[in-house]
Structures are given as structure tokens and as C-alpha cells.
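Written below as C-alpha cells is the structure these notes are about.
The structure displayed is predicted, hence computed values, not measured ones. Lettering of chains follows the sequences in order, A, B, ..., and the numbering in each one begins at 1.
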Amino acid sequence: MLDKDGIAKRIAKEIKDGYYVNLGIGIPTLVANYIPSEINVVLQSENGLLGMGPFPFEGEEDPDLINAGKQTITTLPGSSIFDSAMSFGMIRAQKIDLTILGAMEVSENGDIANWKIPGKMVKGMGGAMDLVASAKNIIVAMQHVNKAGESKLLPNCTLPLTGIKCIKKIVTELAVLDVLPEGGFKLLERAPGVSVDFIRNATLGKLYADDNVPEMVIE
Amino acid sequence: MINKVVAGADEAIKDICDGQTLMLGGFGLCGIPENCIAALVKSGVKNLTCIANNAGVDDFGIGLLLQTRQVKKMISSYVGENVEFERQLLSGELDVELIPQGTLATRCLAAGYGMPAIFTPAGVGTEVAEGKEVRSFKGKDYLMEYAFEADFAVVKAWKGDTAGNLIFRSTSRNFNPVMAMAGKTTIAEVEELVEAGQLDPDQIHTPGVYVHRIFQGRNYEKRIEQRTVRKKVND
């Protein structure tokens, strides 16, 4: 079973040289730590920055320079800054190669719920609905089951939706899965030491698995 | 030339009336019109509808206008970090419309570009789509979203000139330029106000035609919400 950093490490292997990538809050943010140094990747922050750099050195924080999580950050050589409309314009126009975000639930037809739990304080969807509706390539980083042990990979989402038929790949602490165009989760890789049966028991939606599902390789 | 320069925030906002709709620039506490928010609190104007990406924190930003119960409705994409906001929302004192962030930005843009509506895929198949027209283009569904109408846009820029031209700095740009274009009346507060001719026309982000009032703000606090740093490694 993977920890959060393990999930982030596995997702980092999906990032290719030259990609423009938007990272959501939570596990997706950790992915930045594991992008191989030999490839060139540009991170987008949807408040209006391409080329997000690391946190500033102590004493060098600039209140005018933050990311979408409102954290102080830095720019890099080649960075550019723009307004919020252009930021979502490039997302809508599919100029961003890969979006990585978290989820509370994903359904077997690729619906995602990640912004609202009825009865709890609703903070808002931020940019999540724009990202999932437009991105051509989305990877969801999530826990396979919730704290009560219930599956979060479902036949249908039970929570209010963020977007429909948009998720194609999921990485959890147990597995890497594709969402098939005709519906259902296709098991691609198992986390080290995790059996197919264990994953099947943790997946409420339809799960397809070949006879020999390889174990993930994580350095 | 029409004189756009006003003495300060109090004069800039003096005709904002009860029940009007305001756009307020900023992302979190970054690039917010601090001087105008303070002047609005002092003015006591109430029943405002505020279009802003966020609602500030309890003791800063739009949070200050919530503390004094001057806001009737917020139109935002994310309203996380604010306890008083949550209390007013749950008690029914405050009306909140949550909309996708890109939709928020683009409805501002549409207003500034003279377009009545936009089509966006954001929110299709979700509760955001309820009651909205859906149109299909090349096999994909889009929601029709209307351009915002705001009585005033209140924005913060880094530099401005007496002709109303604005230059923003770093990610404090965010919603400010698109809101500046969208207000019936646009008020800009700037850190440094210079005479027309002192800014390079090639470097202007918001042309002065969109800006009706401008002043040099004072005592910017520029509060940081999440101070994240790394340690210097001595080698």
C-alpha cells in the first residue's frame, strides 16, 4: 500500500518532457517534488502564472506572488504572468497537457465529485469544474476507500458532481486504473504487496483485471 | 482631458449606494483594493452584492465588510477561510452564489468585451447547470453564462497614470484587469500614481478608457495568507 508520497511518485512518472501541468491542492501538490530533474515541465497556477517555482527563501517572500493555494512561491526563468480570464482560457482551450487533482468519489463512467458534501460547510468549487470540464488529460490522485473503509470508486457518484465523463486515469494507495470509455475501471497496476482480490473488494464500481496485473515500479 | 484623479478612497467610493453590485479584484488577499474596502466599511453602505473570487479572512479583505454586515450577497468561486462568513451563511443572513472560477473570470471578460454571454463546459451535468441553457457545439455540451453587470468595479494596480492606465505586478494581477473592464464605473487604487506620459504605452495592462477614477493608495498591508518558505542551504 502506498502513502501519499508514493501516490505522488507514481503519478510523476506520467509526466513527460515539455508538459504544461496544473496541480491541484493536496496529494497533487506533492507530485512537483518527484518530477525527474532531466525533464522540463512548466507548472501552471490558475491564479495567473506559468512556470511556478519553489517556495521562496525565508525573508524573500513576496505577498504579490502566490499560487492558487495562496502560498508564497517564486517564478523561474521563462515564467509568465497573466490575468484570471486568460488563465482559464488556456485551460479551456486545452493548452495545458495534464491536470492532476484530488477527488472524494469517481464513478465507473468517469464522473467526479470533489467539491461539496451535503450538510457540511460548502467552500466552493474554485477552478475544479473548469479544469475537469476542459482538460484533455486528467489524473485523479485519491484514496481508494474513505475513513469508514467504504469504496470511493463507485458505479455512480453519491455526492454532488464536479464534472461528468471526464476522468480517464486514477492513482490510489492500492492501484493505477483507467476508466474505460464504455464504463468500468480497468486495473493496470497493483501497489507493492497488494493483491487483485484486495483491490476488487475495495472497488464498488465494475472492475476489469487481466490474469497478470503487474506491480507498480516506484523508485 | 477629463480629470480621473481623486484625492483618496473616501472620495472614490462616495456615490456607492445601498443595494448596489460591486466587483472587487484580488485572489485571496493578493491584489485586493485595501484602501477602498476600508473606506466602504467607514461609509456604512449596506446590502451590497459583491462579485469577488473569495470572501477574505475574518479580519481582512472582504471579511471586514462581512463583520459589519454590509454584504447581502456574495458571488464567488471559493469562500474557505472565513468563520464569520460561515456563520452568516448558515444563519441565512448572507446569500451566496458559488460559481466556477473560470466562469467568474470570463463573465467579467464578456462584460468588458461587450458580449452578452459566453459558452463554457464548466459545470455541465452538475448543479451549476440548473436552469441554464445548454448548447452543443461539435458534440460537446456548453452552458450559456451571462456577462456580469456591476455598478462599480473596484480594483488594485501597482502603477497607474492620470489617464487611468494601469500596470499590475506579479500574481496580484489575477481578477483585477478583467474586473476593471467590466464595471459601469471603475475605481482603481494604485501603489504609485504618475503623470500621463510616464508609463510606457507598450507596458499597459488595462487601458485608461476602462478606468473612471484613480488614486494613489496608502499604507498597504499586503497580508500573506499562507507564508511558505524553504531554508537556505549553506554550502
In terms of heavy-atom pairs under 4.5 Å with chain A, the winner among B/G123, B/S77, B/C108, B/A122 is B/S77

Of A/P160, A/P54, A/S79, A/S45, the largest count of non-hydrogen pairs under 4.5 angstrom with chain B goes to A/P54

In this structure, OH of B/Y142 is separated from OG of A/S134 (nearest 0.5 Å) by 7.5 Å

Next item on the list: Count the heavy atoms belonging to other residues, nucleotides or ligands that lie under 6.0 Å from CD of B/E149, then report whether that count exceeds 12.
Entry: no

In this structure, are over 12 heavy atoms from other groups packed under 6.0 Å from B/K132 atom NZ? yes

So, the part of A/F88 with a heavy atom under 4.5 Å from chain B: the answer is side chain

Between A/L65 and B/S170 the two heavy atoms that sit nearest each other are CD1-OG, 3.4 Å

Highest number of heavy-atom pairs under 4.5 Å with chain B among A/G48, A/G127, A/A128 belongs to A/G127

Closest non-hydrogen atoms of A/V122 and B/L98, given as atom of the first, atom of the second and distance, are CG1-CD1, 3.6 Å

Practice task
Taking atom NZ of B/K140 as the centre, report whether more than 12 heavy atoms of other residues, nucleotides or ligands fall under 6.0 Å from it.
Solution key: yes

In short, A/P63 meets B/C30 closest at the heavy-atom pair O-SG, 3.5 Å

Going by heavy atoms in the side chains, are B/F85 and A/M121 under 4.5 Å from each other?
yes

So, the part of A/T162 with a heavy atom under 4.5 Å from chain B: the answer is backbone

Quiz item: Should the heavy atoms of other residues, nucleotides or ligands under 6.0 Å from CE of A/M90 be counted, would the total exceed 12?
Solution: yes

- Query: Are B/E127 and A/K116 side-chain neighbours, meaning at least one heavy-atom pair lies under 4.5 Å?
  - Reply: yes

Has B/Y113 got more than 12 heavy atoms of other residues, nucleotides or ligands less than 6.0 Å from its OH?
-> no

Donor-acceptor contact present, side-chain B/R230 to main-chain A/P56, <3.5 Å = no

The interface call for A/E46 against chain B, heavy-atom contacts under 4.5 Å, is both

For a side-chain contact (heavy atoms from CB on, under 4.5 Å) check, start with the C-alpha distance between A/I81 and B/R169, then their side-chain angles and the critical distance, and finish with the verdict.
CA-CA 9 Å; A/I81 285 166; B/R169 181 175 176 276; over 6 Å; no

In terms of heavy-atom contacts, A/L161 and B/G125 come closest through CD1-O, 3.7 Å

CZ (B/R173) and CG (A/D64) are apart, to the nearest 0.5 Å, by 12.0 Å

Max heavy-atom pairs within cutoff under 4.5 Å with chain A, candidates B/V178, B/T171, B/N53, B/L109, goes to B/T171

Rounded to the nearest 0.5 Å, the CZ atom of A/F57 sits from the NZ atom of B/K232 at a distance of 6.5 Å

Quiz item: Do other residues, nucleotides or ligands put more than 12 heavy atoms under 6.0 Å from A/K165 NZ?
Solution: no

- Task: Start with the C-alpha gap between A/I66 and B/Q226, add the side-chain angles, then the distance that decides, and say whether side-chain contact (heavy atoms from CB on, under 4.5 Å) holds.
- Result: CA-CA 9 Å; A/I66 63 168; B/Q226 306 282 342; over 6 Å; no

Of B/L90, B/L29, B/N54, B/D141, the largest count of non-hydrogen pairs under 4.5 angstrom with chain A goes to B/N54

Using a cut-off of 6.0 Å, state whether more than 12 heavy atoms not belonging to B/Y146 lie near its atom OH.
-> no

Looking only at A/G59, A/G163, A/A68, the option with the highest number of non-hydrogen pairs under 4.5 Å against chain B is A/A68

Heaviest contributor of heavy-atom pairs below 4.5 Å to chain B, chosen from A/S87, A/G89, A/A85, is A/A85

When the 4.5 angstrom heavy-atom criterion is applied to A/A113 and chain B, the contacting part is neither

Interatomic distance, CG@A/L131 vs CD@B/Q101, rounded to 0.5 Å, equals 9.0 Å

Whatever's closer than 4.5 Å to a heavy atom in chain B on A/N67 counts as backbone

Without swapping roles, check the side chain of A/T72 against the backbone of B/R227 for a donor-acceptor pair under 3.5 Å.
no

Rounded to the nearest 0.5 Å, the CG atom of A/D130 sits from the OG1 atom of B/T103 at a distance of 5.0 Å

Looking only at B/V96, B/I99, B/N176, B/L104, most heavy-atom pairs under 4.5 Å shared with chain A are made by B/I99

Distance col, row B/T120:OG1 vs A/R92:CZ, nearest 0.5 angstrom, shows 4.5 Å

* May I have the step-by-step check of side-chain contact (heavy atoms from CB on, under 4.5 Å) for B/N174 and A/D83, ending in yes or no? => CA-CA 5 Å; B/N174 56 63; A/D83 65 59; over 6 Å; no

Checking A/K70 against B/F27: charged group under 6.0 Å from the ring centre and within 45 degrees of the axis?
yes

Around atom OH of A/Y19, are there more than 12 heavy atoms from other residues, nucleotides or ligands closer than 6.0 Å? yes

message = Both conditions, 6.0 Å and 45 degrees, for the charged tip of A/K123 above the ring of B/Y78: are they met here?
response = no

Most heavy-atom pairs under 4.5 Å with chain A, out of B/R107, B/E86, B/K231, belong to B/E86

